[in-house]
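See structure below.
In this text the structure is predicted, and so the values were computed from the model without any measurement. Worth knowing before you read on, the calculation uses all heavy atoms, side chains too, and leaves out hydrogens, waters and symmetry mates. For the single chain, residues carry numbers from 1 onward in sequence order.
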Amino acid sequence: MFKLSRRRSADRQVLPPFEGGGPAGAERATFAAGCFWGVEAAFRDIPGVLRTAVGYTGGDVPGPTYRQVCKGRTGHAEAVEVWFDPAQVSYPQLLETFWRIHNPTTRNRQGFDFGSQYRSAIFCHGADQLAVAIAARDAEQRSRRRQIVTEITPASAFYRAEEYHQRYLEKHGRVSCAVTPAGQAGGRPQPHRAGE
């Protein structure tokens with residue numbers, strides 16, 4: 001999917017999305033699995049997920065814009081920060097969704113999207129998440145022929161994306177930003193373009 005750049009500096013928030021932490025008793029998880037629109041939508045559908053935000057993380061440029069991230073020079077990935085109630089959904093269950101919604105065996109590519117900003121990555125908040133993520137990757141690898149290339153690393157600063165990216169699919173009445181299945185749009189895969 002190709003997304004067109006928009007200049008909306010008024011929508012820009014440089015600070016992390018949920019200052020002071022998340023909801024009481026909630027835990028945080030951060031995932032990158034290609035275009036953050038679809039990743040956010042998938043996690044928002046899970047009972048027990050309390051809040052989500054799309055943004056940029058894993059790079060070395062503070063306060064990046066969408067345009068900068070798309071140029072591939074920031075080191076950031078398009079990612080989703082998920083706040084969840086561990087009494088309703090566990091971190092391993094979130095990881096099951098992560099493996100299901102993308103192809104973790106393609107390096108820096110998901111569908112029509114390519115570049116390091118679309119890499120598969122799990123950004124871990126603490127040693128417990130790191131250990132669980134590694135074990136989940138190893139278990140998932142046993143069911144796959146190709147090598148999983150998912151980056152598993154400690155979480156770093158998360159920069160909330162421009163407001164027009166938040167809940168993008170929900171705002172535009174779409175259920176997916178992935179390739180259109182055969183039988184729709186004339187039976188040919190079509191990229192999803194921003195602003196459509």
What are the two closest non-hydrogen atoms of Q166 and A53, and how far apart are they?
OE1-CA, 3.4 Å
Using the benzene-type ring in the case of Trp, are the ring centres of F43 and F31 under 6.0 Å apart?
yes
Given the rule in the side chain to side chain contact (heavy atoms under 4.5 Å, CB included) test, do L130 and T153 qualify, once you have shown the distances and angles that lead to the verdict?
CA-CA 7 Å; L130 185 65; T153 187; over 6 Å; no
Let me know which of H125, Q129, R51 forms a side-chain contact (heavy atoms from CB on, under 4.5 Å) with R28.
H125
Between H102 and F98, how do the two ring planes meet: parallel, tilted or perpendicular, split at 30° and 60°?
tilted
Over all atoms of both residues, closest heavy-atom pair of S116 and N108:
CA-OD1, 3.5 Å
H76 side chain to Q117 backbone, donor-acceptor under 3.5 Å:
no
Run I152 and C124 through side chain to side chain contact (heavy atoms under 4.5 Å, CB included) and show every step you take.
CA-CA 7 Å; I152 300 176; C124 302; 3.8 Å; yes
Looking at residues at least two apart in the chain, or sitting in another chain, which of them share a salt bridge (charged side-chain N to carboxylate O under 4.0 Å, His left out) with E140?
R144
Restricting to non-hydrogen atoms, name the atom on A42 and the atom on I101 that form the minimum distance, rounded to 0.1 Å.
CB-CG2, 3.8 Å
Closest non-hydrogen atom pair between P104 and T150, with its separation
CB-OG1, 3.3 Å
Any sub-3.5 Å donor-acceptor pair from R109's side-chain atoms to G111's backbone N or O?
yes
So, taking the atom named CD in E40 and the one named OG1 in T52, what distance separates them when rounded to the nearest 0.5 Å?
3.5 Å
Using side-chain heavy atoms (C-beta onward) and a distance below 4.5 Å, is Q110 in contact with N103?
yes
Could you tell me the separation between the CH2 atom of W99 and the OG atom of S143, rounded to the nearest 0.5 Å?
9.5 Å
Closest non-hydrogen atoms of F84 and A29, given as atom of the first, atom of the second and distance, are CE2-CB, 3.9 Å
Does E78 reach the main-chain N or O of F36 with its side chain, forming a donor-acceptor pair under 3.5 Å?
yes
I'd like to know if the side chain of Q68 and the backbone of T65 have a donor-acceptor N/O pair within less than 3.5 Å.
yes
Would you say the side chain of P86 lies within less than 4.5 Å of the side chain of Y91, judging by non-hydrogen atoms?
no
Side chains of R145 and T105, heavy atoms from C-beta outward: is any pair under 4.5 Å?
no
Would you find a donor on one side and an acceptor on the other, under 3.5 Å apart, between the side chain of T74 and the backbone of V61?
no
Just verifying a value: how many Å separate Q147 CD and R107 CZ, rounded to the nearest 0.5 Å?
9.0 Å
For the CZ atom of F158 and the CZ atom of F123, what is their distance to the nearest 0.5 Å?
9.5 Å
Does any part of the side chain of V82, heavy atoms only, come nearer than 4.5 Å to the side chain of T30, both counted from C-beta?
no
Whether Q141 side chain and R146 backbone form a donor-acceptor pair below 3.5 Å:
yes
Just so I know, are the side chains of P47 and V89 near enough to count as touching, which here means a heavy-atom distance under 4.5 Å?
no
What distance do I46 atom CD1 and E96 atom CD have between them, rounded to the nearest 0.5 Å?
9.5 Å
Could you measure the distance from the SG atom of C35 to the CZ atom of F112? Nearest 0.5 Å is fine.
13.0 Å
Which pair of non-hydrogen atoms, one from L50 and one from A26, has the smallest distance, and what is that distance?
CD1-CB, 3.9 Å
For R73, enumerate each residue passing the salt bridge (charged side-chain N to carboxylate O under 4.0 Å, His left out) test, keeping only those at least two apart in sequence or located in another chain.
none
